[in-house]
*Asks:* 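What follows is a single structure, and I will ask about it in a moment.
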Amino acid sequence: MLPEFRDSMVQLIARTSTDLPPDVRKAMGLALAAEAPATRAGQALTIIAQNIDQAASCEGPICQDTGMPTFEVKVPVGANQIWLKQQVREAVAEATRRGKLRPNSVDSITGENSGNNLGPGTPIVHFEQWERDEIEVKLILKGGGCENTNAQYALPAELDHLGRADRSLDGVRKCILHAVWKAQGKGCAPGAVGVCIGGDRTSGYLHAKEQLFRTLDDVNPDSRLAAIEDAVMDQANQLTVGPMGFGGQTSLIGCKIGALNRLPASFFVSVAYDCWAFRRLGVTLDARTGAITSWLYRDGETPSVPMLTPEQVAAGFPRTGREIRLQAPITDEQVRSLKVGDVVLVSGRMFTGRDQVHHHLMHHEPPVDLRGSVLYHCGPVVVKEEASAGAAKPAGEGGWRVTAAGPTTSIREEPYQADILARYGVRLVIGKGGMGPKTLAGLKASGGAYLNAVGGAAQFYARCIDRVAGVSLMQFGTPEAMWHLDVTDFPAIVTMDAHGNSLHKEIEAESGAKLESVRAGS
Ligand code: SF4
């Protein structure tokens with residue numbers, strides 16, 4: 001059997017998780033150059049650029065959500081796919097143990113995390129035979145926040161702000177623009193979309209995701225699809241959804257469209273949205289040894305070109321002097337003085353909480369006193385001292401160290417958040433993508449504010465954590481447990497305040513109006 005295959009897969013996973021490919025770096029560099037540094041978008045993109053460089057230099061995950069590992073494998077005729085798949089699974093477990101992947105495989109019925117990214121359906125491995133005498137493996141790590149913003153349309157359809165989308169290429173264009181607009185900041189914009197015209201509901205989504213294996217700067221060989229790709233890129237970036245949905249020049253960094261035949265009665269448009277943390281790499285392997293012979297999407301020997309100078313990275317968060325410093329616990333007066341648009345630097349103790357914690361708090365008393373607290377929607381990558389990867393800080397309580405800690409999508413907690421604010425006195429909620437009307441009303445009634453951190457900036461935020469002070473609710477697994485984190489100058493932007501204002505509502509309305517101006521395709 002191929003003695004080096006498993007190790008090659010571990011290398012592929014580690015590099016995909018930690019080092020963005022050149023085409024994505026280039027697109028993000030252009031996005032950064034398009035924004036003034038002191039704007040919300042400029043600050044967010046500078047944090048993202050720092051994060052990309054930090055992840056590559058410490059070989060830590062770019063984003064704490066290392067996503068659903070999806071492998072596309074091409075093998076010579078006669079290759080033993082059963083053995084190869086087992087090796088891929090072992091490599092995934094090993095990369096998880098090394099902290100390159102977060103344990104992300106959860107039993108859909110019990111909620112139990114397998115702890116090693118293995119389980120029914122995870123990882124996803126697709127095989128295809130080809131005539132060549134070598135193996136090719138491509139990998140994409142697509143996180144849950146952007147996966148949740150995928151969209152599928154059955155044409156004809158009536159779309160907000162765009163009117164009717166017919167069974168035509170213009171209807172396809174409208175669907176893609178609608179999907180980008182709906183995503184706002186929830187999928188960590190600026191993102192890229194893979195699109196499939198046709199197929200059935202299942203093959204359409206699969207083919208849409210496969211489009212994400214194309215480089216961002218390639219040209220579609222079908223001139224009709226190339227024209228739609230160009231039009232979408234131009235018009236989506238007129239919407240000014242901007243990085244993280246903060247408003248700004250760049251909402252989309254790529255649009256890649258494919259087509260499958262369909263049944264006469266069906267016309268699906270499937271849109272796979274990927275975030276700026278567009279982690280996709282590949283390798284070709286010697287079919288006898290499994291050793292890597294070349295890297296796809298990059299020159300494996302050449303180090304990545306940094307996004308920023310070392311001085312810019314060392315300078316940290318780009319400050320304007322208008323930032324507001326807050327030390328937890330937070331008072332009612334402090335929180336009511338915050339306004340949408342304020343940039344806040346939070347210090348002191350914060351507690352992580354995502355889906356399982358929120359559900360738990362609806363039925364049980366909290367394990368800690370949450371009065372005046374900061375609740376961070378985050379499922380960090382946490383490793384024990386001996387298994388550390390990309391260590392930014394010494395290990396804390398119990399030998400735990402956080403190696404990646406960006407925000408998760410907050411809207412999932414919409415059913416619970418207002419109740420938790422009211423019951424337990426939480427003052428600041430930090431997450432990404434914003435929350436809905438129930439939480440906005442809850443913030444006003446209870447005296448709280450929602451702060452949007454920069455989604456995907458897992459390395460940047462890990463460096464704001466001084467130590468792990470403790471952990472509760474470990475029965476939910478490491479991403480879902482409640483981590484007690486001591487932080488210094490953790491930056492985030494107030495996007496929902498205690499006075500009923502929401503930046504998310506504003507940007508959605510403004511970008512919706514702009515959608516109407518591109519309705520006709522001009
Ligand atoms: S960058 Fe955002 S959407 Fe992408 S994986 Fe990370 S948290 Fe999810």
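Both backbone and side-chain heavy atoms feed into the values below; hydrogens, waters and symmetry mates do not. Each ligand, and each atom within it, is numbered from 1 in the order the structure gives.
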*Asks:* Measuring to atom 2 (Fe) of ligand 1, does Cys146 have an N/O/S atom at a distance below 2.8 Å?
*Replies:*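 Checking Cys146: none of its N, O or S atoms is under 2.8 Å.
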*Asks:* Using a strict cut-off of 4.0 Å, indicate which atoms of ligand 1 neighbour a heavy atom of Asp65.
*Replies:*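 Under 4.0 Å from Asp65, ligand 1 has these atoms: 5 (S).
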*Asks:* Can you tell me if Gly67 has a non-hydrogen atom under 4.0 Å from ligand 1?
*Replies:*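 Under 4.0 Å: no for Gly67.
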*Asks:* For atom 8 (Fe) of ligand 1, what is the closest protein heavy atom, and at what distance to 0.1 Å?
*Replies:*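 Result: Gly145 N, 3.8 Å.
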*Asks:* Can you tell which of Arg412, Met496, His504 makes a side chain to side chain contact (heavy atoms under 4.5 Å, CB included) with Met435?
*Replies:*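 Of the listed options, the one satisfying the test is Met496.
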*Asks:* Starting from atom 2 (Fe) of ligand 1, find the nearest protein heavy-atom neighbour and note its residue, name and distance.
*Replies:*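 Among all protein heavy atoms, the one nearest atom 2 (Fe) of ligand 1 is Cys188 SG, 2.3 Å.
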*Asks:* If we only consider heavy atoms of Lys432, is any one of them less than 4.0 Å away from an atom in ligand 1?
*Replies:*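 Lys432: in contact with ligand 1 (<4.0 Å).
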*Asks:* Please step through ring pair (Phe, Tyr, Trp, His ring centres under 6.0 Å) for the pair His178 and His161, ending with a clear verdict.
*Replies:* CA-CA 8 Å; His178 187 262; His161 302 293; 8.3 Å; no
*Asks:* In terms of atom number and element, which parts of ligand 1 are under 4.0 angstrom from non-hydrogen atoms of Gly143?
*Replies:*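 Result: 5 (S).
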*Asks:* Sort out for me which residue in Leu451, Val340, Leu503 forms a side chain to side chain contact (heavy atoms under 4.5 Å, CB included) with Asp497.
*Replies:*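 Exactly one candidate clears the test, Val340.
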*Asks:* So if I count the atoms of ligand 1 from 1 in the order they appear, which ones are less than 4.0 Å from some heavy atom of Gly187?
*Replies:*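 Atoms satisfying the 4.0 Å criterion: 3 (S).
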*Asks:* How far is atom 6 (Fe) of ligand 1 from its nearest protein heavy atom, and which residue and atom name does that atom have?
*Replies:*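 So the nearest neighbour among protein heavy atoms is Cys63 SG, 2.2 Å.
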*Asks:* From the options Arg279, Gln64, Arg102, Lys142, select the one whose nearest heavy atom is closest to atom 5 (S) of ligand 1.
*Replies:*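 Looking at heavy atoms only, the winner is Arg279.
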*Asks:* Can you see which heavy atom on Ala405 is nearest to which on Val402, and at what distance?
*Replies:*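 That would be CB-CG1, 3.5 Å.
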*Asks:* Grab the two heavy atoms, one from Lys209 and one from Thr70, that are nearest each other, plus how far apart they are.
*Replies:*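 In this case the closest contact between Lys209 and Thr70 is NZ-OG1, 3.0 Å.
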*Asks:* Which atoms of ligand 1 are found less than 4.0 Å from any heavy atom of Gly456?
*Replies:*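 Ligand 1 atoms under the 4.0 Å threshold to Gly456: 1 (S), 6 (Fe).
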*Asks:* Does the cation-pi check pass for Arg280 over Phe278, that is, NZ or CZ under 6.0 Å from the six-membered ring centre and within 45° of its axis?
*Replies:*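 Yes; both conditions hold, so Arg280 lies above the ring face of Phe278.
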*Asks:* Return yes when at least one N/O/S atom of Cys275 is nearer than 2.8 Å to atom 4 (Fe) of ligand 1, and no when none is.
*Replies:*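 Under 2.8 Å: Cys275 contacts atom 4 (Fe) of ligand 1 through an N, O or S atom.
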*Asks:* I'd like to know if the side chain of Lys432 pairs up with that of Thr409 as donor and acceptor (distance under 3.5 Å, no hydrogens or angles considered).
*Replies:*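 The answer is yes; a qualifying pair exists.
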*Asks:* Flag this pair as yes if the NZ/CZ of Arg467 is under 6.0 angstrom from the six-membered ring centre of Trp400 and inside a 45 degree cone about the axis; otherwise no.
*Replies:*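 Not satisfied by the 6.0 Å and 45° rule.
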*Asks:* Can you establish whether the number of heavy atoms outside Lys514 located under 6.0 Å from its atom NZ is more than 12?
*Replies:*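 Atom NZ in Lys514 is packed in, count exceeds 12.
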*Asks:* Enumerate the atoms of ligand 1 whose separation from the nearest heavy atom of Ala277 is less than 4.0 angstrom.
*Replies:*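 Once the distances to Ala277 are compared, the set is 1 (S).
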